[in-house]
Amino acid sequence: MRNQFRVHAALLVVTIIYAANYSLSKDVMPHYLHPFGIVTLRIVGAILFFAIIKFFVAREDKIIGRADNLRSIACGVLGIGLNQLLFFSGLNLTAPISASLLQTVAPIVVVIASAVLLSERITLPRALGIGVGAVGAATLILGRNAQTAAVYPQGTLGNIFILLNATVFGIYLVIVTPLMRKYHPFTVLGRVFLVGGFIAIPFGWREALEADYASFPPYIWAEVGFMIFFLTILSYLLNNWALKYASPALLGVYIYLQPVLAVLIAVSLGKDHLTWGKAGQAALIFLGVWLVSQKPKAARAPAVAAEAAPN
């Protein structure tokens with residue numbers, strides 16, 4: 001019972017972190033830091049943290065073999081490098097509520113990737129869920145009212161970036177599972193962040209260095225610190241710990257909770273507005289995610305298939 005409470009607490013903390021990020025990032029981008037500059041600071045901070053922690057808790061654990069090393073490189077490219085660049089590029093251009101809703105399509109991508117890469121069977125409910133979720137995502141990407149278009153003139157491009165972000169992370173969840181089961185989590189996270197750094201830092205190092213840090217007010221420093229430690233480091237640690245004990249169904253509940261909290265935070269802070277159109281698009285996406293979560297009776301999907309996508 002006590003351990004179950006800790007799992008719920010960990011997943012709730014991660015969900016709140018993700019939900020808050022959609023609005024807090026808007027304070028930082030693009031006036032104080034550009035998207036790729038934020039990505040650079042996040043990845044450099046994570047590389048240093050996981051390298052130090054691994055030295056103390058898993059010094060002898062190493063990824064070995066050509067296949068596992070190639071897999072870890074692919075995970076770093078998709079799950080860290082492209083994932084981070086696409087997410088912050090998209091969030092910089094679109095509304096927080098739209099971004100949070102599109103992130104929930106990741107489980108749908110996981111099912112498609114599992115079918116292609118792992119030959120997992122797609123049942124009729126899952127096929128229907130993929131279709132319904134795709135309709136919801138498409139209408140959200142393309143359907144924008146005049147008010148949203150005036151505030152976010154490049155919102156459609158931003159929505160496409162967020163959808164691509166959810167797609168590459170969905171693929172990452174499938175290919176990283178064997179590594180997480182075989183090696184210490186700090187070994188895997190240290191490697192994938194290091195590889196991701198080689199992808200992302202060349203795009204953002206100049207933005208990170210050219211930022212006028214002396215002009216940052218205290219609340220901006222607090223939000224940058226939030227994105228480096230809580231959003232990047234703590235969320236990965238809590239997610240990986242919770243995956244040892246939580247069921248896919250439980251993780252699925254928190255996928256639905258994330259955009260709900262994101263909407264409440266964005267509206268309360270005046271960062272976005274909830275419309276009936278967005279509510280309908282959210283309903284389609286949620287229905288699609290629920291349908292693809294219905295697993296065949298004889299199948300056992302990896303627990304990570306329902307994990308909420310880190311930002």
Side-chain angles (χ1 to χ4, degrees), residues 14 18 36 39-88 103 106-107 109-120 164-205 228-229 231-244 246 248 251 301-311:
V14 170
Y18 291 159
F36 292 172
V39 171
T40 297
L41 294 180
R42 288 185 64 191
I43 292 180
V44 169
I47 290 173
L48 294 175
F49 178 86
F50 287 119
I52 294 172
I53 297 299
K54 180 187 180 305
F55 178 80
F56 289 103
V57 302
R59 187 183 308 181
E60 303 301 325
D61 191 45
K62 296 180 180 179
I63 297 177
I64 58 174
R66 183 172 182 272
D68 284 355
N69 275 287
L70 289 176
R71 183 181 291 269
S72 69
I73 292 173
C75 289
V77 172
L78 295 174
I80 306 300
L82 292 179
N83 173 45
Q84 298 291 332
L85 293 174
L86 287 168
F87 175 78
F88 278 94
Q103 279 279 300
V109 177
V110 168
V111 169
I112 298 173
S114 297
V116 174
L117 300 176
L118 305 178
S119 300
E120 185 174 308
L164 291 174
N165 151 249
T167 300
V168 298
F169 192 77
I171 298 172
Y172 161 79
L173 285 179
V174 175
I175 65 176
V176 78
T177 302
L179 295 179
M180 285 297 188
R181 292 175 175 174
K182 189 174 181 179
Y183 301 100
H184 194 284
F186 286 128
T187 302
V188 178
L189 291 174
R191 172 65 66 85
V192 299
F193 269 102
L194 182 61
V195 173
F198 281 101
I199 301 299
I201 291 175
F203 289 94
W205 69 270
I228 294 174
F229 179 75
L231 182 64
T232 311
I233 296 172
L234 184 62
S235 63
Y236 271 88
L237 289 174
L238 291 177
N239 252 332
N240 280 281
W241 177 81
L243 284 172
K244 295 181 180 180
L251 291 170
V304 293
E307 183 181 3
N311 305 136

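Residue indices begin at 1 and follow the sequence shown.
Not counting sequence neighbours, Lys62 has no partner by the salt bridge (charged side-chain N to carboxylate O under 4.0 Å, His left out) test.
Paired with Thr187 under the rule side-chain contact (heavy atoms from CB on, under 4.5 Å), one option of Leu179, Val57, Val192, Ile63 passes, and it is Ile63.
Of all non-hydrogen atoms in Ala200 and Val39, the two that sit nearest each other are CB-CG1, 3.8 Å. Of all the heavy atoms in Asn83 and Gly79, the pair that sits closest is ND2-O, 2.9 Å. Between Ala46 and Thr232, the shortest heavy-atom contact is CB-CG2, 3.7 Å. Summarising the geometry of Met180 relative to Pro185, their closest heavy-atom pair is SD-CA, 4.3 Å, with the distance given to 0.1 Å. For Pro202 against Gly197, the heavy-atom pair with the smallest separation is CD-O, 3.6 Å. Nearest heavy atoms, Cys75 versus Ile175: SG-CG1, 3.6 Å.
We find the CD1-CG distance between Ile201 and Leu41 to be 9.5 Å, quoted to the nearest 0.5 Å. For the atom pair CD1 of Ile233 and CZ of Phe49, the computed distance is 5.5 Å after rounding to the nearest 0.5 Å. Of the inter-residue distances, the one linking Leu78 atom CG with Asn165 atom CG reads 11.5 Å to the nearest 0.5 angstrom. Here Ile43 contributes atom CD1 and Ile228 contributes atom CD1; the two are 11.5 Å apart, rounded to the nearest 0.5 Å. The distance from atom CD1 of Ile73 to atom CZ of Phe198, rounded to the nearest 0.5 Å, is 10.5 Å. Atoms CZ and CD1, from Phe56 and Ile53 in turn, are 7.5 Å apart once rounded to the nearest 0.5 Å.
No side-chain heavy atom of Arg191 sits under 4.5 Å from any side-chain heavy atom of Tyr183.
Without hydrogens or angle criteria, Tyr172 side chain to Ile80 main chain gives no donor-acceptor distance under 3.5 Å.
No more than 12 heavy atoms of other residues, nucleotides or ligands sit less than 6.0 Å from atom CZ of Phe203.
Between His184 and Phe186, the ring-plane angle classifies as parallel under the 30° and 60° cut-offs.
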Phe87 and Val168: side chain to side chain contact (heavy atoms under 4.5 Å, CB included), yes or no, with the steps? CA-CA 10 Å; Phe87 175 78; Val168 298; over 6 Å; no
